[in-house]
There are 2 protein chains.
Amino acid sequence: MHQYGLKVTNARIKVLRILMQSQVALSHGDILTRIHGNELDKVTLYRTLSSFVNAGLAHKVATEDRTWLHALHLPEERNEGVEDHAHFVCDTCECIYCLPLVTEDMAAIPIKESGFQIKSHEYRLRGTCPSCH
Amino acid sequence: MHQYGLKVTNARIKVLRILMQSQVALSHGDILTRIHGNELDKVTLYRTLSSFVNAGLAHKVATEDRTWLHALHLPEERNEGVEDHAHFVCDTCECIYCLPLVTEDMAAIPIKESGFQIKSHEYRLRGTCPSCH
DNA sequence: ATTATTATTGCAACTTGGTTGCATTATGAC
DNA sequence: GTCATAATGCAACCAAGTTGCAATAATAAT
Ligand SMILES: [Mn+2]
Ligand SMILES: [Mn+2]
Ligand SMILES: [Zn+2]
Ligand SMILES: [Zn+2]
């Protein structure tokens with residue numbers, strides 16, 4: 001965490017652990033309830049999460065119901081220069097999975113000549129996740 | 001509008017006109033300010049928009065700052081059975097364009113064998129739109 | 001055309017997810 | 001250990017969207 005320019009605090013250690021243990025992106029509420037005893041102010045959690053995002057440790061995903069989910073960056077993104085990955089939204093459990101899915105080559109082609117200059121892209125899939133069928 | 005099972009009202013006519021005239025998806029606020037004199041209750045506008053969505057006349061797109069934009073369905077979707085289209089988000093003007101971009105074949109392949117059952121998908125591009133460069 | 005049925009509208013109050021200001025406390029450089 | 005600076009907790013706040021309900025307008029029935 002030092003290497004990201006962040007002071008090591010109690011709150012950050014707890015939240016980082018929780019994010020590391022999760023297969024899916026987590027909401028503010030998800031994280032709060034996973035904190036034993038709930039002993040963490042909600043504002044502190046908001047600020048902890050955005051410190052992770054600013055430091056480049058995590059990223060956030062907007063959901064359909066106007067909330068943010070947070071997840072650590074994928075290992076692929078750490079090592080190589082992969083910026084964009086896909087997300088899978090489960091219709092049943094509402095979970096959002098980060099998928100190390102390379103979509104680069106898909107991007108430019110279709111609207112190449114239309115005056116849109118593409119810099120990045122997100123591919124979002126919906127359906128049923130492995131643990132829901 | 002009758003054909004969609006909706007009563008023809010003043011509010012709906014106004015909002016439908018505004019949506020038809022726009023190249024990009026519009027926010028609640030965008031639409032309110034486009035209404036001459038502002039003479040439309042904010043709740044009525046919310047309900048007008050969701051009546052359009054429920055009736056199958058329009059659709060909504062979630063933005064990064066957790067609000068909804070609304071746009072009429074593309075003509076392609078009306079005629080054929082095209083369900084999903086792509087969106088282009090301009091970094092500069094923040095506008096969101098609906099793109100008649102067929103992404104069907106891209107969907108299934110990469111995570112086919114992973115236990116995810118894909119039902120629909122959205123492809124979101126970011127960059128600079130034609131009127132911003 | 002008049003009336004009756006039913007959906008739509010407007011207003012006020014409310015909910016929810018998240019932010020801001022500020023005094024207190026903890027971290028890490030020295 | 002001392003000190004500068006950043007993180008925390010608390011209360012108040014904000015903005016997008018929702019709900020309840022009485023008044024009103026659109027259409028169907030007569
Ligand atoms: Mn992700
Ligand atoms: Mn669209
Ligand atoms: Zn699931
Ligand atoms: Zn633009």
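Numbered from 1 within each chain, the chains take letters A, B, ... in sequence-line order. Just so it is clear, the model here is predicted, and its values are computed rather than measured.
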Can you measure [X] atom [atom1] to [N] atom [atom2] for me and round it to whole angstrom units?
{"X": "Asp41(B)", "N": "dT8(C)", "atom1": "CG", "atom2": "C1'", "value": "12 Å"}
{"X": "Glu64(B)", "N": "dA16(D)", "atom1": "CD", "atom2": "C1'", "value": "17 Å"}
{"X": "Leu49(B)", "N": "dT8(C)", "atom1": "CG", "atom2": "P", "value": "14 Å"}
{"X": "Trp68(A)", "N": "dG17(C)", "atom1": "CH2", "atom2": "C1'", "value": "12 Å"}
{"X": "Lys60(A)", "N": "dG18(C)", "atom1": "NZ", "atom2": "P", "value": "9 Å"}
{"X": "His70(B)", "N": "dA16(D)", "atom1": "NE2", "atom2": "P", "value": "14 Å"}
{"X": "Leu69(A)", "N": "dG17(C)", "atom1": "CG", "atom2": "C1'", "value": "12 Å"}
{"X": "Leu6(A)", "N": "dG28(C)", "atom1": "CG", "atom2": "P", "value": "11 Å"}

Selected nucleotide, minimal atom distance to [X] side chain, candidates [options]:
{"X": "Thr44(A)", "options": "dT8(D), dG17(D), dG18(C)", "result": "dT8(D)"}
{"X": "Arg47(A)", "options": "dC10(D), dT18(D), dA6(D)", "result": "dC10(D)"}
{"X": "Leu40(A)", "options": "dG28(C), dT9(C), dG9(D)", "result": "dG9(D)"}
{"X": "Tyr46(A)", "options": "dG10(C), dG17(D), dG18(C)", "result": "dG18(C)"}

For the backbone of Ala58(A) and the side chain of His73(A), can you confirm whether one donor and one acceptor N or O come within less than 3.5 Å of each other?
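Confirmed, His73(A) side chain pairs with Ala58(A) backbone.
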Taking Arg66(B) for the side chain and Trp68(A) for the main chain, is one N or O donor matched with an acceptor at less than 3.5 Å?
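Not a single qualifying donor-acceptor pair exists.
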Is the shortest side-chain heavy-atom distance between [X] and [Y] below 4.5 Å?
{"X": "Val53(A)", "Y": "Leu49(A)", "value": "no"}
{"X": "Thr67(B)", "Y": "His28(B)", "value": "no"}
{"X": "Arg126(A)", "Y": "Val89(A)", "value": "yes"}
{"X": "Ser131(B)", "Y": "Gln23(B)", "value": "no"}

Mind running a 4.0 Å heavy-atom check of residues 12-29 of chain B against DNA chain C and sending the residues that fall below it, in number order?
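By residue number: Arg12(B).
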If only side-chain N and O atoms of Thr9(A) are considered, is one of them under 4.0 Å from the OP1 or OP2 phosphate oxygen of dT8(D)?
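Yes, Thr9(A) has a side-chain N/O under 4.0 Å of OP1/OP2 on dT8(D).
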Nearest heavy atom decides the nucleotide; on that basis, is Asn10(B) or Val43(A) closer to the 5' end of DNA chain D?
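Mapping each residue to its closest nucleotide by heavy atoms, the 5'-most match is Val43(A).
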Identify, between Asp65(A) and Gly5(B), the residue whose nearest nucleotide on DNA chain C lies closer to the 5' end.
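Between the two, 5'-proximity favours Gly5(B).
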Taking the nucleotide of DNA chain C with the closest heavy atom to each, which residue, Lys7(A) or Arg66(A), is nearer the 5' end?
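Result: Arg66(A).
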Can you measure from OH (Tyr97(B)) to CG (Leu69(B)) and round to the nearest 0.5 angstrom?
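Interatomic distance, Tyr97(B) OH to Leu69(B) CG, rounded to 0.5 Å: 12.5 Å.
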For the base of dG18(C), is there a side-chain donor-acceptor partner from Lys42(A) under 3.5 Å away?
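Present.
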